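These numbers were taken from a predicted model, which means no experiment stands behind them. Nothing fancy with the numbering, it's 1 onward along the sequence.
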Amino acid sequence: ATRAAAPEVAQLSRYTERWRRLLDQRWTELATLDGHRVDAVDRAVPFFGELIALLTDLGLAEEAFVASEQGRARALADLLAARDAGRGAGADRALPGAGELDRSALLAVLRAHGRPVVEYFRTDDRLTVWTVRLVDGEPEFAVQVRDLTATTLSEDIAAVHALLEAGGSDPKQRDQTTVLLRRLHATLWEPVVTGWLPADPDLPVTVVGHQDLLLVPFPALLDLTGQPLGLRHAIEILPATALLATLRPRLAARPARPPRLAALVNPTMPPPGAGGPVRVLPRLAKTEEYFPVVSACYPDRATVVTGPDATLDALRRLAPDADVLILATHAEATTPTRQDPLRAFVTLAPTVSHNGLVGVEELADLRIGADLVVLSACRTGGGVVTGDGVVGLSRAFLAAGPTKIVMTLVEVHEWASLWFMVRLHRFWLTDGHPLPAAFRRAYQEQYQEMPTDPRYWGGFVLFGVSA
């Protein structure tokens with residue numbers, strides 16, 4: 001291909017997007033589950049990888065960015081759009097969702113967003129990184145490409161997760177963690193045009209991951225001075241920039257009022273065994289004891305249920321009218337096989353009619369009025385990695401109505417999770433900082449308290465978008 005053929009080459013991704021929309025119009029005949037749409041997007045990743053490589057080699061950064069967006073999270077876009085149109089439950093998921101995504105629609109999304117975006121697209125041997133900023137209200141694109149060894153990057157991500165969970169006082173483990181977090185920073189952040197990002201650390205930067213990069217704890221990445229990225233920027237994570245077309249209207253529709261809290265804290269844990277968790281789940285007694293510090297931030301606007309009352313029925317009753325929903329419990333978001341991507345769950349109190357393990361499909365079918373969900377539990381950002389994003393709890397909750405989720409990518413100690421939640425609320429509701437800035441400040445304070453122990457601060461991420 002030559003540069004003279006660039007306009008025709010750039011049209012290829014538009015044809016595939018039209019193909020997706022034609023499939024969507026007859027989706028009831030082809031597939032009725034979100035999982036089939038995810039599989040279709042997943043299978044298209046190699047094509048889009050080749051197309052993006054061709055466009056970037058031709059110097060077409062903007063066109064490559066459009067192709068990147070057309071090749072990711074389109075099934076999730078369909079799911080969110082259908083849900084917001086009142087068609088998201090049961091068989092209604094098979095109805096058409098998001099409209100066709102083209103260049104003009106994507107540029108409009110970026111203009112409305114008004115914030116810098118760092119977006120990634122990865123294949124086995126190539127990493128493409130865009131930095132996007134607005135100049136006089138119009139998006140400007142820069143792109144960098146790096147050769148990859150797929151196993152090395154994926155192994156580094158898995159190793160960071162293992163080390164963050166192991167923690168402890170072993171100096172060798174700490175050194176290994178530091179080396180890996182610095183190496184990931186060099187691979188993933190050095191290609192970013194940092195001069196295009198805000199100098200004010202409290203101003204949000206949207207980071208759009210791809211495939212297993214959505215499991216990277218971006219705020220924890222360490223620069224050469226040892227400073228975490230989450231201290232320099234207020235980072236919000238998304239699987240696709242185009243999802244802002246659905247999430248920003250949700251923000252605009254929120255009522256202007258002091259936030260109301262619904263919280264399910266330290267539910268009675270289901271016993272292990274058939275139909276229950278595989279191990280005994282410890283009580284979160286300290287979280288329940290100190291949770292009044294959080295609920296005090298919502299004077300006369302907090303409903304907190306604990307123990308045997310923290311059930312799925314209680315969640316269904318409280319979620320529609322809350323502005324903030326907190327689940328302080330245990331969760332499981334890792335999935336052992338690609339063929340069974342829906343085994344993630346959060347734990348609530350069991351009842352005669354429910355075992356207390358609330359799965360992805362039940363969560364996605366909730367009506368959550370809350371704009372913010374705080375999942376104070378382990379590995380809530382995990383799941384099955386696909387070209388359409390991570391299939392797990394974050395996807396299910398996003399489908400149910402909120403625009404942002406505070407979650408963890410690794411196992412986090414109860415104390416760490418509790419105090420992060422306390423700090424977040426202090427900076428947000430007591431001191432009045434916007435949520436991304438409050439998250440960054442809570443992260444910074446957590447880091448400064450125990451800078452040599454990344455398990456205390458390294459696993460927290462803010463997923464979604466804030467006003």
Side-chain angles (χ1 to χ4, degrees), residues 1-20 41-74 101-111 113 116-135 138-154 184-197 205-214 216 218 238-244 386-389:
T2 65
R3 192 169 180 84
E8 288 76 16
V9 171
Q11 286 296 316
L12 286 174
S13 59
R14 188 173 184 184
Y15 296 145
T16 60
E17 177 68 2
R18 287 179 176 174
W19 166 78
R20 182 192 70 83
V41 175
D42 220 15
R43 289 173 184 271
V45 168
F47 164 78
F48 279 99
E50 293 292 335
L51 178 60
I52 290 164
L54 178 56
L55 291 169
T56 52
D57 289 347
L58 289 170
L60 302 173
E62 180 180 320
E63 290 80 357
F65 183 86
V66 174
S68 168
E69 281 296 307
Q70 291 172 332
R72 70 169 74 222
R74 300 307 294 145
L101 178 64
D102 57 17
R103 176 181 176 274
S104 62
L106 190 55
L107 293 179
V109 166
L110 289 167
R111 291 185 198 104
H113 186 47
V117 172
V118 174
E119 176 154 320
Y120 298 87
F121 193 99
R122 68 158 299 183
T123 59
D124 286 346
D125 59 358
R126 187 176 174 114
L127 176 70
T128 309
V129 186
W130 292 267
T131 312
V132 186
R133 66 174 177 177
L134 291 185
V135 178
E138 290 300 316
E140 182 176 348
F141 299 81
V143 65
Q144 294 287 329
V145 176
R146 288 202 167 185
D147 293 331
L148 280 183
T149 302
T151 52
T152 301
L153 180 56
S154 297
L184 285 171
H185 184 281
T187 301
L188 299 174
W189 205 253
E190 285 184 5
V192 174
V193 184
T194 53
W196 286 16
L197 304 182
V205 175
T206 301
V207 173
V208 180
H210 184 236
Q211 301 201 98
D212 60 353
L213 300 187
L214 287 163
V216 172
F218 275 93
L238 277 175
T241 299
L243 293 180
L244 293 165
T386 75
D388 202 64

- For R72 and E119, what are the C-alpha separation, side-chain angles and deciding distance, and is it a salt bridge (charged side-chain N to carboxylate O under 4.0 Å, His left out)? CA-CA 11 Å; R72 70 169 74 222; E119 176 154 320; 3.4 Å; yes

Are [X] and [Y] packed together at the side-chain level, in the sense that at least one heavy-atom pair is separated by less than 4.5 angstrom?
| X | Y | answer |
| --- | --- | --- |
| L55 | F65 | no |
| Y120 | L188 | yes |
| F48 | T123 | no |
| P139 | R111 | yes |
| T128 | R122 | no |
| V129 | V192 | yes |
| L110 | F141 | yes |
| T187 | L127 | yes |

- Message: Does V205 form a side-chain contact (heavy atoms from CB on, under 4.5 Å) with V118? I'd like the steps, not just the answer.
- Response: CA-CA 8 Å; V205 175; V118 174; 4.3 Å; yes

Taking all non-hydrogen atoms of both residues into account, name the closest pair between [X] and [Y] and its distance.
| X | Y | result |
| --- | --- | --- |
| A186 | R146 | O-NH1, 2.8 Å |
| G389 | P239 | CA-CB, 4.4 Å |
| L51 | A67 | CD2-CB, 4.0 Å |
| A73 | V41 | N-CG1, 4.2 Å |
| V193 | A142 | CG2-CB, 3.7 Å |
| P191 | Q144 | O-CG, 3.2 Å |

- Hey, what's the ring geometry for F121 with H210, parallel, tilted or perpendicular (30° and 60° as the breaks)? parallel

- Task: Show your working on side-chain contact (heavy atoms from CB on, under 4.5 Å) between L101 and L106 and close with a plain yes or no.
- Result: CA-CA 7 Å; L101 178 64; L106 190 55; 4.2 Å; yes

- Message: For A61, is there any backbone N or O sitting under 3.5 Å from a side-chain donor or acceptor partner on W130?
- Response: yes

- Query: Is there a donor-acceptor pair closer than 3.5 Å between any side-chain N or O of E140 and the backbone N or O of V132?
  - Reply: no

- Query: So, T386 versus Q211: side-chain donor-acceptor pair below 3.5 Å or not?
  - Reply: no

- Item | T56 side chain to R126 side chain, donor-acceptor N/O pair below 3.5 angstrom | yes

Please report the interatomic distance [atom1]([X]) to [atom2]([Y]), rounded to the nearest 0.5 Å.
| X | Y | atom1 | atom2 | result |
| --- | --- | --- | --- | --- |
| I52 | L60 | CD1 | CG | 12.5 Å |
| F218 | L184 | CZ | CG | 8.5 Å |
| L153 | D124 | CG | CG | 10.5 Å |

- Decide, yes or no, whether a salt bridge links R103 with E62 under the criterion of side-chain N to carboxylate O below 4.0 Å. yes

- CD (E190) with more than 12 external heavy atoms under 6.0 Å: yes

- Option passing side-chain contact (heavy atoms from CB on, under 4.5 Å) with L238 (candidates L214, V117, V207, L244): L244

